[in-house]
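Note that ligands are numbered from 1 as they come in the structure, with each ligand's atoms numbered from 1 the same way. Sequential numbering from 1 along the given sequence is applied to the chain's residues.
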Amino acid sequence: MSDFSDPNELHTDTLAIRWAQLRTDQMSHSEPLFLTSSFVYDSAAQAAARFSGEEPGNVYSRFTNPTVAAFEQRLAAMEGAEKGVALASGMAAISSTFFALLTPGDHIVSSRSVFGTTNVVFDRYLKKFQVETTMVDLADLEQWRAAIRPETKVLFLETPSNPLSEVGDIPALAKLAHDNGAILIVDNCFCTPALQKPLALGADLVIHSATKYLDGQGRCLGGAVVGPAKLVDEVHGFVRSAGPSMSPFNAWVFLKGLETLGIRMEAHSRNTLVLAEWLEQQPGIVRVHYAGLKSHPQHELAARQQSGFGAVLAIEVEDSDGNRDRQAAWRFIDGTRLISITANLGDTKSTITHPGSTTHGRVAEEDKQRAGITENLIRIAVGLEDLADLKADLSLGLKTLGF
Ligand SMILES: *Cc1c(COP(=O)(O)O)cnc(C)c1O
């Protein structure tokens, strides 16, 4: 960008629209899409200089691509990070970070309430390379403290958590990590930089599944890691060799998604709070889990470190005979007509799912209990449809409970 060289001069919503603007000699106003796998050189000598790294510039889109670089720079600016690297998916971002930064014998302490597939990476793949993970309750600082070993290198969490909207204390966990020679990594997928900036709260790296709110319309898979150059360069080194690079086409979609992120997250949060408060009043709803509610045990902490509460809520249902079981939850879900039955989130379209038999279906019964994934629990990721239509649709679900 020509007139601004310091992202601190601009606010997040402006960075989302204006930062890392790519302009070719065609002077297009919208970002150009460099849909190319490779780049050409003026001479053999220049090719050699580019390959050796002596001369900066693009070589091959697995290494760098201008559209992908624009997305990386814009997201990094929005998160207040020095640098960013984009990857093929959120899981590519998570697994590449661990493979790049850890060595056999290292140890991770992670919140139990992380994305299901993240658990698979810990249990099946990192373990294979002698990296062990200890799981703790997100909100219990004492458990985090007790789990730390001399070889602990990473503390990892998502906040707020999926699906119960529990909140992790980022400043406290950052201090705990740093006092013990470890780093704190936060998966900021649910809040995005529009609502929460983990680096400013003390975290060392932020991870994203761009697939969710950064796209915002359920089109493309992508991921990103942002933070200090020293750490991000390690991850980028892994990506360019191991290969989980972001497609330039997807980067272009995410650049467009970022432009509307602020207003979308505000509208998502507003819709969700209204629905959460309304659901709390309905017969058949035993409990609503949403950090935006005053009744949420960590409402204060969430209000301190987030500027909005996000768009994922969970409800526990009970039918008019007092049953709090899977049948009641499934009937409620099947009773809705508008809301999509799918486990995805971060879309303009509202979605509804039964975590116990889908996203957490493979979790052992004991771990489900401990994580609060009860049989009568339903997760709703609230979209941007009209609130009256969403209420009417959820009323159809309530009717199946006998109310
Ligand atoms: C979806 C999700 C991921 C994984 O992202 P993909 O893009 O599906 O690989 C990671 N973390 C959280 C919190 C998610 O919701």
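Of all non-hydrogen atoms in A229 and K83, the two that sit nearest each other are CB-CD, 3.9 Å.
Ligand-side atoms of ligand 1 in range of G222: 7 (O), range being under 4.0 angstrom from any heavy atom. For ligand 1, the atoms closer than 4.0 angstrom to any heavy atom of D187 are 10 (C), 11 (N), 12 (C), 13 (C). Of all atoms in ligand 1, numbered sequentially from 1 with element shown, those under 4.0 Å from a heavy atom of T211 are 6 (P), 7 (O).
Considering backbone and side-chain atoms alike, T118 places every N or O at 3.5 Å or more from each N or O of ligand 1. Looking at M91 next to ligand 1, an N or O pair under 3.5 Å apart turns up. Between G90 and ligand 1, at least one N/O pair is under 3.5 Å apart.
With respect to atom 1 (C) of ligand 1, the closest heavy atom belonging to the protein is K212 NZ, 1.4 Å. When hydrogens are left out, the protein atom nearest atom 4 (C) of ligand 1 is F115 CE2, 3.3 Å; that is the closest non-hydrogen contact. Among all protein heavy atoms, the one lying closest to atom 5 (O) of ligand 1 is S209 OG, 2.9 Å.
Side-chain atoms of T14 and R18 form no donor-acceptor pair, as typed in the model, at a separation below 3.5 Å. Between H289 and E166, the side chains place no donor N or O within less than 3.5 Å of an acceptor N or O (distance only, hydrogens not considered).
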Check step by step if ring-ring contact (aromatic ring centres under 6.0 Å, His included) holds for H299 and F309. CA-CA 9 Å; H299 175 69; F309 299 100; 5.4 Å; yes

Evaluate salt bridge (Lys or Arg N to Asp or Glu O under 4.0 Å) for D393 paired with R337, printing each intermediate quantity in order. CA-CA 6 Å; D393 209 43; R337 285 195 310 157; 5.0 Å; no

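Residues F99 and F129 place their aromatic rings such that the two centres sit under 6.0 Å apart.
Note: H354 and W330 have perpendicular aromatic rings, judged against thresholds of 30 and 60 degrees for the angle between ring planes.
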